[in-house]
Structure formats: C-alpha cells, structure tokens
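We count ligands from 1, going down the list as the structure has it; atoms in each ligand are counted the same way. Remember, predicted model here, so these are calculated numbers, not experimental data.
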Amino acid sequence: MLIKHTKKSQLKESQLTSESVYKERRNIIKGLGLAALTIPFIKPASASVFDIFSSGNDQDKNALFQRSALSFTKNTNYQSLTPLTPEDKVIQYNNFYEFGTGKGDPAQYSQQFKVDPWSLTIDGLVDNPQTLNYEDLLKKFDIEERLYRMRCVEAWSMNIPWLGFTLATLLKQAGVKSDAKYVRFETVFDPDQMRGQASRFVGGSINFPYVEGLTIEEAMNPLALLSVGLYGKTLAPQNGAPIRLVVPWKYGFKSIKSIVKITLTDKAPVNTWQALGPDEYGFFANVNPRADHPRWSQASERFIGEGNVFQQSRQNTQMFNGYEEEVGHLYKGMDLLRNF
Ligand SMILES: Nc1nc2c(c(=O)[nH]1)N[C@H]1C(S)=C(S)[C@@H](COP(=O)(O)O)O[C@H]1N2
Ligand SMILES: [Mo]
C-alpha cells in the first residue's frame, strides 16, 4: 500500500497566522526543539508537524485544511472554564493514531483528508435507522458551545471550547429500543487517506477501525457531546472532523474521532484500547486520581496552557475530571479503583 505524505512545501506559514497565534506558535516550536534534545523518544523537530510553520512557498495555497465558521449559541452552564488551552495547541498537539503515533503527526498528515461528502449511519436497536450526510451534521441540530476539560490517559490535559450537540439529541431522534444497552461507535476506515491504517507500524499496532463504546445511561447523559467544531469553527481533521464524540469525564481515548457509524446494541463493545491492552485500559475509563495506570500515576496532570507544552505546571487530577456532580450517580456501587 502506497502511503501518501504531505509535502512540507504544501503547507504555508501565512495560512496559519490569520488568528494571532504567531507568537504562541514560536514558543511551541522552540520548546519542541529543546525537548527533542532531552527526550529521546520524541522525534527531532525537523520531523514534527511544526515544520508546517517554518517554511513554504506560494504554491498549493489550498493544501491546508480549511475550517469554516459555524453559528452557535453559548451554553451558559459551560462557559466558565479558565484558562483555555490556546487554539494552536488544541489543533497541533493531538492523538489520532490513524495518522501516526506522534503528537504532531495528526496535524501534519491529515490536511488533505476529505470530510465532505461524509456519511454517518445510526443503526442497530433503533426505531429509525438513518444515515446523515455532511450537511446534516452541521445543519440538522442546534449547535452550542461548551467549554470542557479534556484529560488524556497519558496524564496531560486541556480546556477546550467545543461546538456540537448532545449525543442524547441524536439518539432520541433515532428512537432507542428498550433492549439497547450500549452504544458502539466506529471511526472511518480509509487507509488511502490515513497512513496509520495502511501500516501497522505507523498506526501503533491498532486493529482499525477504531471502536469505542458507552452504556446507554452514559450516552444519554447531557454531558456527552457530539462535536462538529471548536474555537468557533468546524473541526480540523486532526481533531476528528467532521464529527467526534466528547465525553469529558472519561480519559480522552473514549472521545472517538471521525465517526461513521453509531450502533445501538445489547452487547458491550470491546473498545480499541481495551483490545490492545486489557490490563491497562478499560471500558469505563473514568478519570480517577486514585486509580493509577499500571505504569504511571494518575494523581496529577500536565495542563497544556500558554508556553512550552513539555514544561507546563502540574495540577491535581479531579475525580471524573471535575464532573462528579453530573455523572457520579452512574457508577454507584462500582469499584472505582478498578475502573474497567
Ligand atoms: N479514531 C480515533 N479517535 C481518537 C484517538 C485515536 O487515535 N483515533 N485518540 C484518542 C485520544 S488518546 C485522545 S487523548 C483524544 C485527543 O483528542 P484531540 O486530539 O482532539 O485533543 O482523541 C481520542 N480519539
Ligand atoms: Mo489520550
């Protein structure tokens, strides 16, 4: 299988400077250069996504993925999170193994990714199975903005202004049958566009397509969001365009990107990270400062704010990532230290 690489020269500095991110971006470039010298498993800066800022020519002006402005209302219940993670970091420091395992790989290798046409199928135990197209995703539902905390299982975190609609809105419209117990989500499988799916080495040994799951009660919780944008605009491919899940009380790997299928089922789905490492990653994967990962502590996290991404101050991890009031009742009687 031929793997397509995005040429450095196709990505142009000025295309990314439109929103006063220039200063912040320089900090991050400098920071990564230093980190490459001291942390051996980080790729040298010359091979990182941040090359997209350092050179380019006037050709291929459209090579960079274009995000469009979205109209939305601010959900006043979720507006008071500070400080927000700067936009350039939200769109450059990513996990999306379909495009590679490095933090810069998703942005670097996804700029040509096609999100339109798209089709999202809702099937299984529903009264109204349906397929939504790209326009449906952006126009069919009222889009709201919510500022959510995001906590990766790797012990870093961000605060992100998402745009989207609740998963419950979509599920209610599809009509969930009473025997449905779980919701299974699947990411697009397209190895021609996703270099990580074309090579087990590039894709971190994951068996694609990436799969995730929630119980019906979790899926119906008003916190569970289907996101179509962030920072006022449609999602970039690296963040899971055109539509991804956001479940802020769970580790980030539950928030599956670029979804093509949502299936209501009576069987617990085996999620991708659980399949890959059943001793390290579970189904529930609720953020819990006391339930350590077998190889590292989850008691604190590196919050990614202004400045060098690798030299951020640490903060305490919060139970359910700060959303205990909203979701704690879902896990009454469960052994939360086990967290599987
Ligand atoms: N399909 C797919 N979804 C995915 C991942 C992935 O590799 N593939 N990575 C997950 C992980 S580990 C995290 S932390 C979040 C990161 O989301 P962000 O890059 O938009 O911040 O996406 C999650 N969703
Ligand atoms: Mo993650």
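- The pair Glu87-Lys89 does not count as a salt bridge, with every side-chain nitrogen at least 4.0 angstrom from each carboxylate oxygen.
- The protein heavy-atom contact nearest to atom 3 (N) of ligand 1 is Lys257 N, 3.1 Å.
- Salt bridge absent: Lys140 and Glu135 never bring a charged side-chain N and a carboxylate O closer than 4.0 Å.
- Every atom of ligand 1 is numbered from 1 in the order shown, and the set under 4.0 Å from a heavy atom of Cys152 is 14 (S).
- Among the atoms of Trp156, none of the N or O lies under 3.5 angstrom from an N or O of ligand 1.
- Taking 4.0 Å as the cut-off between side-chain N and carboxylate O, Glu301 and Arg151 count as a salt-bridged pair.
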- Message: side chain to side chain contact (heavy atoms under 4.5 Å, CB included), that's the test. Do Leu225 and Tyr148 meet it? Break it down for me.
- Response: CA-CA 10 Å; Leu225 202 70; Tyr148 275 171; 4.2 Å; yes

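- Distance CZ/Phe253 to CD/Gln274: 8.5 Å, rounded to 0.5 Å.
- In the hydrophobic cluster analysis, where Ile, Leu, Val, Met, Phe, Trp and Tyr join through side-chain heavy atoms closer than 4.5 angstrom, Val211 is grouped apart from Leu120.
- In terms of N/O distances under 3.5 Å, ligand 1 is not approached by Trp273.
- Using a 30° and 60° split on the angle between ring planes, Phe141 and Phe165 fall in the parallel class, below 30°.
- Which parts of ligand 1 touch Met150 is read off a 4.0 Å heavy-atom cut-off, strictly below it: atoms 21 (O).
- The single protein non-hydrogen atom nearest to atom 8 (N) of ligand 1 is Glu98 OE1, 2.8 Å, given as residue, atom name and distance.
- Contact atoms of ligand 1 toward Ser255: 22 (O), 23 (C), 24 (N) (distance under 4.0 Å to a heavy atom of the residue).
- Nearest heavy atom pair, residue Lys114 against residue Gln193, reads N-OE1, 2.8 Å.
- Nearest protein heavy-atom contact of atom 7 (O) of ligand 1 is Tyr97 N, 2.8 Å.
- The part of Tyr210 lying near ligand 1 is the side chain, judged by heavy-atom distances below 4.0 Å.
- On a distance-only criterion, Tyr93 and ligand 1 share no N/O pair closer than 3.5 Å.
- When Tyr97, Tyr251, Phe283 are each tested for a ring-ring contact (aromatic ring centres under 6.0 Å, His included) with Trp273, only one passes: Tyr97.
- Look at Gly240 and you'll find every heavy atom at least 4.0 Å from all atoms of ligand 1.
- Taking every heavy atom of Asn239 and a limit of under 4.0 angstrom, the matching atoms of ligand 1 come to 18 (P), 20 (O).
- Here the closest non-hydrogen pair linking Pro289 and Asp292 is O-OD1, 3.9 Å.
- Using a 4.0 Å cut-off between heavy atoms, Arg244 contacts ligand 1 through its side chain alone, with no backbone atom that close.
- Looking at Thr187 against ligand 1, only its side chain comes within 4.0 Å, counting heavy atoms.
- At under 3.5 Å, not a single nitrogen or oxygen of Trp162, backbone or side chain, sits near a nitrogen or oxygen of ligand 1.
- Closest to atom 23 (C) of ligand 1, if we only count protein heavy atoms, is Gly252 O, 3.2 Å.
- For the residue pair Ser227 and Trp162, the shortest heavy atom distance occurs at OG-CE3, 3.3 Å.
- In this structure, the protein non-hydrogen atom closest to atom 9 (N) of ligand 1 is Asn95 O, 3.2 Å.
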